[in-house]
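We're numbering straight along the sequence, starting at 1. Both ligands and their constituent atoms are indexed starting at 1 by order of listing.
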Amino acid sequence: MNILKDSFGRKFPYIRLSISEVCNFKCGYCLPDGYKIDKSDNRTFINIEEIRRLAKALSELGVSKIRLTGGEPTVRKDFFEIVKILKKNSGIKKTVITTNGYRLDKIANDIKNSGLNGINISIDSLNADTFKKITGHDRLEEILKGIKKLKNLDFKNIKINAVLLKGINDSEKDFNDWAEFVKNNEIDFRYIELMQTGDNLDYFNKYHVPAKNFINYLNNNNWVIQTFGKDAGPSKNYLNPKFKGKFGVIAPYSEDFCKSCNRLRITAKGDLRLCLFGNTGINIRHLMQKDSQLEELKDLILKQLNFKKESHYLEIGETGLTKNLSTTGG
Ligand code: SAM
Ligand code: SF4
């Protein structure tokens with residue numbers, strides 16, 4: 001049973017857990033100068049034992065799905081051990097990841113064998129030059145190779161996310177390239193609207209574009225919006241029977257975006273964040289130190305939920321504690 005509920009009646013069966021702030025990419029909207037150690041905060045990233053205790057507490061609070069994210073979650077040496085612990089010892093039903101896929105061609109077998117229930121891969125463009133321009137890395141080919149490997153291994157639940165960027169990947173040609181991709185692959189593709197964070201105001205002003213053009217494209221090309229499932233989350237999905245995959249749009253600036261919020265976040269240093277952009281959030285790591293603290297940890301998480309606000313207030317430029325999404329996992 002899901003016990004995690006806020007004062008607006010929203011339930012939280014889903015946690016995004018960042019396990020590292022480190023990332024090897026330099027996405028213009030996130031870490032344009034690459035990852036830099038935060039000298040003002042010398043806390044380490046949560047260790048595997050802390051993760052085990054946290055996951056147990058969350059599962060007892062009714063959380064059924066954890067998404068491992070970052071930074072880049074697969075840079076952690078103990079990444080597959082973490083997955084194993086979540087799969088075997090936590091009571092969490094589904095463990096999924098969000099990754100930039102930089103090692104996907106090398107670790108596809110391990111991913112399949114780990115029992116992960118799904119993978120979201122960030123690919124901002126199918127054009128290798130554009131991909132390099134956005135991420136600072138010429139790795140599109142390897143990532144696509146990795147996806148092929150996963151498909152050949154019959155890995156289910158692969159999704160691709162791209163941040164929609166004005167003049168970079170928002171042309172009809174870009175949309176057509178992705179349409180060709182989802183036509184032939186049972187893989188869902190979603191555009192995420194660029195979000196403003198504490199660090200990226202100039203980039204945001206230059207490249208933010210509402211998802212409207214893409215939605216018009218979908219409407220003009222016989223894609224039909226799928227009605228929401230119970231715990232559907234914030235992506236609006238579109239179906240077309242001629243295509244194997246779905247299209248989706250994640251538009252954080254749309255009016256009703258926060259109504260479907262079903263997720264909480266925990267940062268790599270053990271802070272509970274009630275909203276990606278909120279100013280509220282506290283450290284809960286001190287209660288991940290001993291098995292005997294389980295009840296106290298559950299209690300603290302439950303109490304914190306009362307402080308979750310109704311909306312992120314992004315539309316009025318509130319970016320809260322979020323300097324960039326590498327700390328909170330997007
Ligand atoms: N490194 C992994 C990756 O890129 O998939 C996981 C972490 S990343 C922060 C998670 C997601 O957030 C990615 O899909 C990324 O494109 C997205 N993201 C990062 N900064 C963003 C921003 N300012 N606006 C919208 N999406 C953003
Ligand atoms: Fe790294 Fe992901 Fe941020 Fe890109 S979006 S810099 S891959 S954490």
Less than 4.0 angstrom from a charged side-chain N to a carboxylate O is my criterion; do Lys156 and Asp154 meet it?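 Asp154 and Lys156: salt-bridged.
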Sphere of radius 2.8 Å around atom 4 (Fe) of ligand 2 - protein N, O or S atoms inside: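 Protein N/O/S atoms under 2.8 Å of atom 4 (Fe) of ligand 2: Cys27 SG.
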In terms of the angle between their ring planes, are Trp178 and Phe189 parallel, tilted or perpendicular, with boundaries placed at 30° and 60°?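 Ring orientation, 0 to 90° scale: parallel.
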Applying salt bridge (Lys or Arg N to Asp or Glu O under 4.0 Å) to Lys132 and Asp124, what does each step give before you reach the verdict? CA-CA 10 Å; Lys132 186 176 169 200; Asp124 287 332; over 6 Å; no
Candidate with minimal heavy-atom separation from atom 1 (N) of ligand 1, of Gly71, Ala162, Gly101: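 Going through Gly71, Ala162, Gly101 one by one, Gly71 has the nearest heavy atom to atom 1 (N) of ligand 1.
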Ile121, Thr135, Asn24 screened by side chain to side chain contact (heavy atoms under 4.5 Å, CB included) with Asn100, the one that passes: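 The passing option is Asn24.
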Using a 4.0 Å cutoff against the non-hydrogen atoms of Asn100, which atoms of ligand 1 qualify?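 In order of numbering, the contacting atoms are 2 (C), 3 (C), 5 (O).
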Looking at Asn200, which atoms of ligand 1 are within less than 4.0 Å of one of its heavy atoms?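 Contacts of ligand 1 toward Asn200, numbered from 1: 23 (N).
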Do any N or O atoms from the side chain of Asn240 and from the backbone of Lys242 form a donor-acceptor pair under 3.5 angstrom?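 Yes, Asn240 side chain to Lys242 backbone: donor-acceptor pair under 3.5 Å.
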Can a donor-acceptor pair be found, under 3.5 Å and without considering hydrogens, that links the side chain of Asn185 to the backbone of Val182?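 No.
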Side chains of residues 208-218: which donor-acceptor pairs under 3.5 Å do they make with residues two or more places apart or in other chains?
{"residue": "His208", "atom": "NE2", "partner": "Glu193", "partner atom": "OE1", "Å": "3.3"}
{"residue": "Tyr217", "atom": "OH", "partner": "Asn176", "partner atom": "OD1", "Å": "2.7"}

Distance to the ring centre below 6.0 angstrom and angle to the axis at most 45 degrees; does that hold for Lys166 and Tyr207?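 No - Lys166 does not lie over the ring of Tyr207 by the 6.0 Å and 45° rule.
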For ligand 1, which part of [X] has a heavy atom less than 4.0 Å away: the side chain, the backbone, both, or neither?
X	result
Thr98	both
Gln196	neither
Thr99	backbone

So Asn283 and Asp271, side-chain hydrogen bond (donor to acceptor under 3.5 Å, both in side chains) or not? Walk me through it. CA-CA 4 Å; Asn283 195 278; Asp271 294 335; 2.7 Å; yes
